[in-house]
Amino acid sequence: MRIICVTRGDEVPTYRLATGGGRGGAVTATEPGSSGRGRWRRWGVLLAVLLLVPAAGAVWWVGRGTVEAGSGADTPDAASTSWLYSLRYADEASSGRYVDSDAAGEVWRRWTADLADAGATLSVGSAPDGPAVTVDVDGDTATVTEWWKVQVPGDGVSYATGSRPWRIETVRRGDGWWITAVHPPPWCGEGGYVRC
């Protein structure tokens, strides 16, 4: 009988003796875990961990987003600015995020159509005097005034209109601020973005 001693570095060797199966019933010595089955099991566990951790993270992220989708905005101006940026980028999916009014949705659809017809873009503007965004809070209601301008393409050049005020009414409900009404400036005519 022959015994083979195999060590790796400074490790204390441990052996598992197996008889038979070899030539002439010889005794062979192998280290635990050196069989192919154990190696594949370790790789399987490692692969499962590497796949499950990102999957668990994705489930958490989606769940978190779903909870946030039912929440109001942190502040009145966060709700109004989010709505106006959804209008700027014609992002219908996010246009209703903080909206609690069918009328606000109708304003969004009408203005999206007007901007698209004119090939125009809504941009952040500046107030004639004072900040571009003001918030007037009265208990659980607030009126936000934001100044926005429109950039309209022309013959080879584009021009920006003067800034006009958008008044957006919000209300606080337990989980945040919600838009209840949107009062845009006129599209054309006196006080509007373009001449009719």
Side-chain angles (χ1 to χ4, degrees), residues 54-154 158-196:
V59 168
W60 172 81
W61 184 260
V62 168
R64 181 173 99 41
T66 302
V67 170
E68 285 181 0
S71 303
D74 292 338
T75 61
D77 54 319
S80 66
T81 301
S82 172
W83 189 87
L84 285 163
Y85 270 103
S86 75
L87 181 60
R88 171 188 165 96
Y89 294 108
D91 182 6
E92 188 171 7
S94 63
S95 67
R97 183 168 184 190
Y98 301 125
V99 175
D100 191 17
S101 163
D102 291 337
E106 181 55 37
V107 170
W108 190 90
R109 284 185 287 283
R110 185 179 39 136
W111 270 82
T112 301
D114 288 345
L115 289 167
D117 288 345
T121 306
L122 196 63
S123 301
V124 175
S126 58
D129 55 350
V133 178
T134 58
V135 181
D136 181 22
V137 178
D138 184 17
D140 286 342
T141 62
T143 301
V144 181
T145 304
E146 294 199 33
W147 290 79
W148 287 67
K149 60 186 175 186
V150 171
Q151 292 183 297
V152 182
S158 65
Y159 68 94
T161 66
S163 296
R164 304 286 185 262
W166 287 71
R167 287 187 178 72
I168 299 176
E169 296 175 23
T170 61
V171 64
R172 182 187 359 224
R173 297 206 180 99
D175 56 355
W177 290 90
W178 296 89
I179 295 172
T180 56
V182 177
H183 306 287
W187 173 250
C188 65
E190 188 174 334
Y193 285 112
V194 296
R195 282 186 261 155
C196 295

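In what follows, residues are counted from 1 in the order of the sequence shown.
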Do the side chain of [X] and the main chain of [Y] share a donor and acceptor less than 3.5 angstrom apart?
X: T121; Y: Q151; answer: no
X: R164; Y: G192; answer: yes
X: S94; Y: S86; answer: no
X: S101; Y: A181; answer: no

So, for [X] and [Y], which heavy atoms are closest and what is the spacing to 0.1 Å?
X: V107; Y: P184; value: CG1-CG, 3.9 Å
X: W147; Y: P131; value: CD1-O, 4.3 Å
X: G125; Y: A132; value: O-CB, 3.6 Å
X: A118; Y: W187; value: CB-CZ2, 3.7 Å
X: K149; Y: T161; value: CB-O, 3.5 Å
X: G191; Y: P186; value: O-CD, 3.6 Å

Among V171, D136, T170, side chain to side chain contact (heavy atoms under 4.5 Å, CB included) partner for T141: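 Output: one option passes, namely V171.
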
Gap between atom [atom2] of [Y] and atom [atom1] of [X] - 0.5 Å precision:
X: S95; Y: W108; atom1: OG; atom2: CH2; result: 4.5 Å
X: R97; Y: W178; atom1: CZ; atom2: CH2; result: 9.0 Å
X: L115; Y: R110; atom1: CG; atom2: CZ; result: 11.0 Å
X: L122; Y: T112; atom1: CG; atom2: OG1; result: 9.5 Å
X: D77; Y: T143; atom1: CG; atom2: OG1; result: 12.5 Å
X: H183; Y: E169; atom1: NE2; atom2: CD; result: 3.5 Å

Heavy-atom side-chain proximity of V137 to W177 below 4.5 angstrom: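 Counting from C-beta outward, V137 and W177 do come under 4.5 Å.
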
D138 atom CG, over 12 foreign heavy atoms within 6.0 Å: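 No, because the 6.0 Å sphere around CG of D138 holds 12 heavy atoms or fewer from other groups.
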
D91 atom CG: more than 12 heavy-atom contacts under 6.0 Å: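 Counting other residues, nucleotides and ligands, CG of D91 exceeds 12 neighbours.
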
No-hydrogen, no-angle side-chain donor-acceptor test under 3.5 Å, R88 and S123: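 Side-chain D/A pair, R88 to S123: present.
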
Geometric class of the W166/Y193 ring pair [parallel <30°, tilted 30-60°, perpendicular >60°]: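 Aromatic pair Y193/W166 classed tilted.
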
